[in-house]
Amino acid sequence: MNDRTEDAPPTMKLGYPCINTTIGCTANSTFRLASYSNQRFIETVRNNIRCTARILRFNVEHGLLFFRIGDLVPFASHPVCRIDWPLYFRRELAEAGQFIADHGIRISMHPDQFVLLNALDEGILRNSLEELDYHAKLLDALRLDSTAKIQIHAGGVYGGKSGSIARFAERCRRLPPRIRRRLVIENDDRSYGLADCLEVHRLTGVPVVFDNFHHERLNAGEPLREALLAATATWAAADGLPMVDYSSQQPAGPRGRHATSVDLRHFGRFLDATEGLDFDIMLEIKDKEQSALRAIRTLRRRRMPAA
DNA sequence: AGTTGTCAAGCTAGT
DNA sequence: ACTAGCTTGACAACT
């Protein structure tokens with residue numbers, strides 16, 4: 001499916017997560033819970049939506065057609081939030097979603113470390129489900145199809161990986177379809193490597209986002225190309241093109257820290273190793289769109305000579 | 001204006 | 001049983 005033929009050009013898109021460092025607005029603005037008010041909430045969300053729209057325009061102008069939406073609606077899953085924000089911002093969200101659809105932009109979201117579908121603690125599970133519900137609500141309010149994904153890790157180990165994977169799978173089966181159709185899991189760099197994620201896929205059908213940097217740190221010896229092939233094979237037609245997170249180690253930084261700026265030689269080797277495969281690339285590099293712009297020049301030169 | 005600690009939420013390894 | 005460390009980015013309080 002992801003192996004393209006000689007006739008079919010790659011449709012690969014490239015992008016970056018959450019933040020644009022050039023245009024001078026933030027789409028992930030938040031505030032302290034202690035200073036919560038309806039007014040502050042509404043102002044913050046309005047500004048976040050506006051900034052997201054500006055970023056998406058910038059991205060389209062620069063050929064960056066993959067974007068991860070960050071924390072657009074602070075406290076959305078917290079009981080303090082009493083506003084029906086999908087309704088309140090219905091028009092703005094639908095407009096942004098229309099822009100996304102019109103320009104063929106690929107969208108992902110990545111809830112953070114607190115979303116643990118295999119949690120042992122009922123409260124943590126409840127919070128995780130609320131948080132997943134928020135993410136699905138936002139993508140629904142943007143009126144995006146099932147190719148817009150919510151990406152999480154497999155979760156904690158809790159003293160037994162196979163039991164925790166089984167628990168993940170069981171919880172997954174019980175998810176409402178509006179969440180499950182968007183859920184994808186990403187290999188992490190400490191507990192659940194690619195092989196574990198493939199096992200989760202086998203049990204649930206959930207597609208696997210391959211993260212090359214995490215794979216460099218935690219693997220079972222699978223070469224890059226083989227690993228990426230296995231991950232991309234987990235994506236069905238309705239899921240869209242497979243998503244891949246790309247990053248490299250910050251040279252002088254502590255192990256695991258993302259590079260400040262893209263290492264084009266490392267990126268070139270990555271493209272060499274994955275030649276002929278089609279997937280969307282999320283560039284997880286600190287300077288965001290600046291590296292994405294450099295990377296897409298490299299990508300076009302190597303993969304899309306006609307474009 | 002710039003710096004530093006804190007933030008809704010958790011896991012893991014080490015003591 | 002408890003604490004420090006983990007990634008990340010932005011707020012908020014402080015210098």
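So that the names make sense, note that chain A is the first sequence line, chain B the second, and so on, each numbered from 1. Owing to the predicted nature of the structure, the values given are computational and were not obtained by experimental measurement.
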Expressed in angstrom and rounded to an integer, what is the separation of [X] atom [atom1] from [N] atom [atom2]?
| X | N | atom1 | atom2 | answer |
| --- | --- | --- | --- | --- |
| A:E43 | C:dC11 | CD | C1' | 16 Å |
| A:N20 | C:dG9 | CG | P | 13 Å |
| A:D245 | C:dT7 | CG | P | 16 Å |
| A:H110 | C:dG9 | NE2 | P | 13 Å |
| A:H153 | C:dC6 | NE2 | P | 17 Å |
| A:R32 | C:dA13 | CZ | P | 9 Å |
| A:E284 | C:dG9 | CD | C1' | 14 Å |
| A:D189 | C:dT8 | CG | P | 10 Å |

Is the centre of the A:F210 ring less than 6.0 Å from the centre of the A:H215 ring?
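Distance test on ring centres: under 6.0 Å, yes.
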Is the distance between the ring centroids of A:F75 and A:F41 less than 6.0 Å?
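Not close enough - the centres of the two rings lie 6.0 Å or further apart.
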Covered region of DNA chain B, 5' end to 3' end, by chain A [heavy atoms, under 4.0 Å]
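Range of nucleotides touched by chain A: B:dG5 to B:dT12.
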Gap in Å between the two [atom1] atoms, one belonging to [N] and one to [M], rounded:
| N | M | atom1 | result |
| --- | --- | --- | --- |
| B:dT6 | C:dA4 | P | 12 Å |
| B:dC11 | C:dG9 | P | 23 Å |
| B:dA8 | C:dA13 | P | 12 Å |
| C:dC6 | B:dT3 | P | 22 Å |

Report yes if a side-chain nitrogen or oxygen of A:K286 is closer than 4.0 Å to either non-bridging phosphate oxygen (OP1 or OP2) of C:dG9; otherwise report no.
yes
So among A:R106, A:K13, A:R68, which one has a salt bridge (Lys or Arg N to Asp or Glu O under 4.0 Å) with A:D280?
A:R106
Heavy atoms under 4.0 Å, any strand shown: does [X] hit a base, just sugar-phosphate, or nothing?
| X | value |
| --- | --- |
| A:S128 | nothing |
| A:R40 | sugar-phosphate |
| A:Y158 | sugar-phosphate |

Would you call [X] and [Y] a salt bridge, taking side-chain N to carboxylate O under 4.0 Å as the test?
| X | Y | result |
| --- | --- | --- |
| A:D272 | A:R302 | yes |
| A:R202 | A:E199 | yes |
| A:R173 | A:E170 | yes |

Please state whether the rings of A:Y134 and A:W85 are parallel, tilted or perpendicular, taking 30° and 60° as the class boundaries.
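Ring orientation of A:Y134 relative to A:W85: perpendicular.
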Could you check whether the rings of A:Y246 and A:F270 sit parallel, tilted or perpendicular, using 30° and 60° as the cut-offs?
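If you compare the ring of A:Y246 with that of A:F270, the planes turn out tilted.
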If you pin A:S35 and A:I285 to their nearest nucleotides in DNA chain C, which one's is more 5'?
A:I285
Around A:R178, counting heavy atoms of other residues, nucleotides and ligands shown, do more than 12 lie under 6.0 Å from its CZ?
yes
Under 3.5 Å, is there a donor on one side chain and an acceptor on the other for A:S261 and A:Q290?
no
Base-pairing string, 5' to 3', of DNA chain C - Watson-Crick or wobble, under 3.5 Å, | interstrand:
||||||..|||||||
Is the shortest heavy-atom distance from the side chain of A:V184 to the side chain of A:W235 under 4.5 Å?
yes
Determine, using the 4.5 Å side-chain heavy-atom cutoff (strictly less than), whether A:V80 and A:V45 are members of one ILVMFWY cluster.
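A:V80 and A:V45: one cluster.
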DNA chain C-proximal residues of residues 111-119 of chain A, any heavy atom under 4.0 Å:
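Nothing qualifies; none.
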